[in-house]
Amino acid sequence: MKTRLHDDTVLARHNLTADEYGLIVKLVGREPNLTELGLFSAMWSEHCSYKSSKVFLKTLPTRAPNVVQGPGENAGIIDIGEGRVVVFKIESHNHPSFIEPFQGAATGVGGILRDIFTMGARPVALMDSLRFGPLDNPKNRSIMEGVVSGISSYGNSIGVPTVGGEVYFDEGYSLNPLVNVFCLGLAEKDKIFYARTEDAGNVLLYVGAKTGRDGIHGASMASQEFGADTEAKRPNVQVGDPFKEKLLVEACLEVMERRIIVGIQDMGAAGLTCAATEMPAKSGKGAAIDLDRVPQREEGMTPYEILLSESQERMLIAARPDQVPAVKAAFAKWDLDAVEIGAVTDDGRLTCRFHGEVVVDVPVSAVVDLCPAYKRPWERPAAPEPRAAEPVPPPSDYADVLRRLLSSPTIAGKEWIYGQYDHMVLTNTVLLPGAGAAVLRIRGSKKGLAMTLDGNGRYAALDPWTGGKAAVAEACRNLACVGARPIGVTNCLNFGNPEKPGVMGQFKETVEGLSEACRAFGLAVTGGNVSFYNETGATAVDPTPVLGIVGLIEDIDRLVTPGFKAESDAVILLGENKEEFGGSEYLKLIHGKRGAAPPAVDLEREIAVHETLLEAIGAGLVRSAADPSEGGLAVCAAECAFHSPEGTGCDLSFETDLRPDAVLFGESQARILLTSRPENARRILEIAEKRGVPARIAGTTGGRALRFRVSGRLLVDLPVAEARRLWTNALPDFFTPEKRPS
Amino acid sequence: MKARILVSYKDSVLDPQGQAVRNALHTLGYEAVRDVRQGKVFEIELGGVSRAEAERLLPEIAGKVLANVVIEKSSWEILED
Amino acid sequence: MKFGVVVFPGSNCDSDAFHACRDVLGQPTTYLWHKDHDLQGVDCVILPGGFSYGDYLRSGAIARFSPLMREVRAFAAKGGLVLGICNGFQVLLELNLLPGAMLRNKKLKFLCRQVTIRVENDRTPFTRSARPGQVLRIPVAHFDGNWYAPPETLKEVEDSGQVVFRYCDPAGALTEEADVNGSLHAVAGLVNKGGNVCGLMPHPERAAEPVLGSVDGLVVLKSLLENRS
């Protein structure tokens, strides 16, 4: 029997199974050499190929009238009218952020920025969704500090505002932080560029930073769990240079504005390999590359290293020969390398030469399109144990419960974080961080853009299908609260090891929930990211779907913000309170339980509630709006008080048979707390009634205290100033040794 | 020719980063550390100059570019010929 | 009044300053590339905020050597108006066109937030349309905004009335908390002895339109317009 070129150890190190290797041999027509094996290892990795997820992602809706580009390119594109489009996507950088939090997060920002400007859009906003373990553990504090500094350092330097995001803390993320970064850019509809080479004879130009040895097999690392040798993985994390990337943004946008290039792709995961195969594949062509011409910053690099390096801030451009001098001049102006490294061919193959010899010769389609898609075995998540559903005793001191919720890091004020991000650069930020959604104005237009990131891992852990629906519902609700209609979706799906049937089942059901909700809202998913293998040892993260949804506000002057605006306004609750404790922060923090099931999501009711709010906003009736989420109604009302300029409180009253703690702290969905001038309340109730939405006046704004009454009992009477102090100081106190809670 | 230039804040200038490092060391139990001043090290490779020219060049680079003389001081040394 | 906004590699508030001058103020405005030698006949040079050269080495330390800065220095020597915002202020300090230097913020973190500053000197071209002691709401966003000067320099700056803005609380009082980055004497902005070169850490271009939440930045920009002869 003929012996294989590469033994099992080599295959294992390249994360390829024997079956995959057999398929590669068939596709190439011979055994691949080590360099070619490296190419397949990177491109067929989970991170690049989506081999475990493709099959299930097929259920997501990807078409809608406003979609210019759906999944399959570097980012998704949605038409927003007036000749403009928005280009946006979310990406994960979870594994690198555990290994080296600062650089892992920084390069995550760098990577998503490139995905946006490679399409021809100037990036105008960033958001980040973060998950860390509890902050009483110094390791988690250190990871959080590193991640926030990394995002801050990169985003600030390159001059794109970080305008929003979310942070959650839970034990499950202790050894598996999640760092998902979203970026949005604006472009003119007729100035979009794709990752294509077009015709044979076109030139391939390498632009940007020199290639070094960093990050080789970063894509493969993202496709593996962490083991005991995590420390040794340090050299796999790339170091970012935001200054270089800023120059790259300006130079690339300039050549695109002047239309002197034909196609462009960033070198991200799998580096030069990815760009040099995906671009020709899209045009049905091939590429011939001379590796000696690749600018290198280290000596003696091998073809393997040159092709797989994940050095940052590099792009591959395809241009017609007559365009090349102008492109080089444009990049020279910004002091950037622009080097011809190869040409587009007609043979459908990637051929690389090094020191005069052919070192790579493979069909492009084999690398890009023909990675097998797996229908991995999946099983329904196990039913929760009976004790999970046992009722808990009601609290004796409701004000104390509220104090504790406001002081918990997941709920507490996040200014400690976003104060480190320049959220105002580019002077488009109209609604600053801290509300449920961020809002940007569009220069030269009356319209506004709203955007939000949302997802609750605990809900998805209890019931993945509901968790998927809830993430979409929550995001759309946040957009409605600022008067925006959702127009497009990107998602980042963070899960454990897909080779475990339980995890695959969570994935399948979460995606089904997402799909159903997106369809109900008439939304297309334009792209996103799947991050598997978020596990260390036996601990997998909660299935955590993070949804990035963008919304459009027709008239930015009609913006609605969450803070109470004045004394004696009517406070109206749209939607229904229910007795649902499962998955809530209240149940977890006060009673130490997760519960048996998350709150139910009724998409029809959700949509009706949002439409009610949007109609009322359109009629000029709404003074403020916010939606109860983590911590429930009480926390929502408190936050509205904190956002009001005078610290205006409220007095709310509920007549009900429900348990008071369910009313105040439960996380039932499809509810909105809004305020209006008293004389407008009746019209709002009428709009609600017309749409079949339960609605009632819950009380009034006023005074300097938060007062909540249930069935006649005054359960909470807490001064706004005291509540605000707790909420504001909770996070910073964790990072001040003398003040840290023990 | 290899040279090294050190730049750090003048003694009269408050160095909050150095203080933060000192406090962190104390938290980790290194009580013996009394004070820390944080600075920068520039490792410079020179070519095509004599030793005498280097001795003129290095303090000029240090004072004109590498250090902000309002708040920083610098020192230089040639490591090997 | 013709404005020129300098662009260094890494400047990122240049388009914001340009927009404020051309679209909000309605004045002829041009970009000035750092490698050029021609100020294009502008009446006022603006050095915008950002991270010129990545803030590598020190903020503004490399930008100050740009060819264009030689022209700006000569322009300032002849009494031309120069406004340095944030990173621009840092460049002016590195050029010694303004006294002192910047250290890291006292809390050792990047800080982005609305602050209030008090007009200390309303007799400069940059503050002519302000009332003495007027409190302005303008945002800051920086890591190294902690202004320092050795004792003799500090005394000279104060005695010559070179302090233009100080960080204050919303009521106009000077408190430790209001001095968000720890600047000596809460200095937020300075002017040179000639009164024609001004640097400030807050960003007036971010407070120039109602939709952005404050128009107090226009006090600085409109004062400049009053200097047309």
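Basis for what follows: all heavy atoms, side chains included, without hydrogens, waters or symmetry-related copies. Quick note on labels: first sequence line is chain A, next is B, and so on, each numbered from 1. Everything numeric here is computed off the predicted structure, so don't read it as measured data.
With sequence neighbours left out, the side chain to side chain donor-acceptor pair (under 3.5 Å) criterion links A:S152 to A:N156.
When all heavy atoms of A:L247 and C:P9 are compared, the closest pair comes out as CD2-CB, 3.6 Å. Here the closest heavy-atom approach between residue C:G54 and residue A:S157 is recorded as CA-OG, 4.4 Å. Closest approach of C:K109 to A:W416, counting heavy atoms only: CE-CZ2, 3.7 Å.
Contact residues of residues 419-428 of chain A toward chain C are A:G419, A:Q420, A:Y421, A:D422, A:H423, A:M424, A:V425, A:L426, A:T427, A:N428 (heavy-atom distance under 4.5 Å).
Expressed to the nearest 0.5 Å, how far CG of C:L212 lies from OG1 of A:T429 amounts to 8.0 Å. Expressed to the nearest 0.5 Å, how far NZ of A:K246 lies from OG of C:S52 amounts to 11.5 Å.
The number of heavy atoms from other shown groups lying within 6.0 Å of CD (C:Q40) is above 12. Crowding of C:K35 atom NZ: a count of heavy atoms from other residues, nucleotides or ligands under 6.0 Å exceeding 12.
Contact check for C:Y56 versus A:F243: side-chain heavy atoms found under the 4.5 Å cut-off.
Options A:K244, A:R443, A:K333, A:E415 differ in how many heavy-atom pairs under 4.5 Å they form with chain C, and the most are formed by A:R443.
Contact of C:F143 with chain A is not made at all, since no heavy-atom distance falls under 4.5 Å. The part of A:I158 that comes within reach of chain C is its backbone (N, CA, C, O), which places non-hydrogen atoms under 4.5 angstrom from that chain.
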**Message:** For A:R441 and C:E209: C-alpha separation, side-chain torsions, deciding distance, then whether salt bridge (Lys or Arg N to Asp or Glu O under 4.0 Å) applies.
**Reply:** CA-CA 11 Å; A:R441 59 106 174 243; C:E209 292 169 88; 2.9 Å; yes
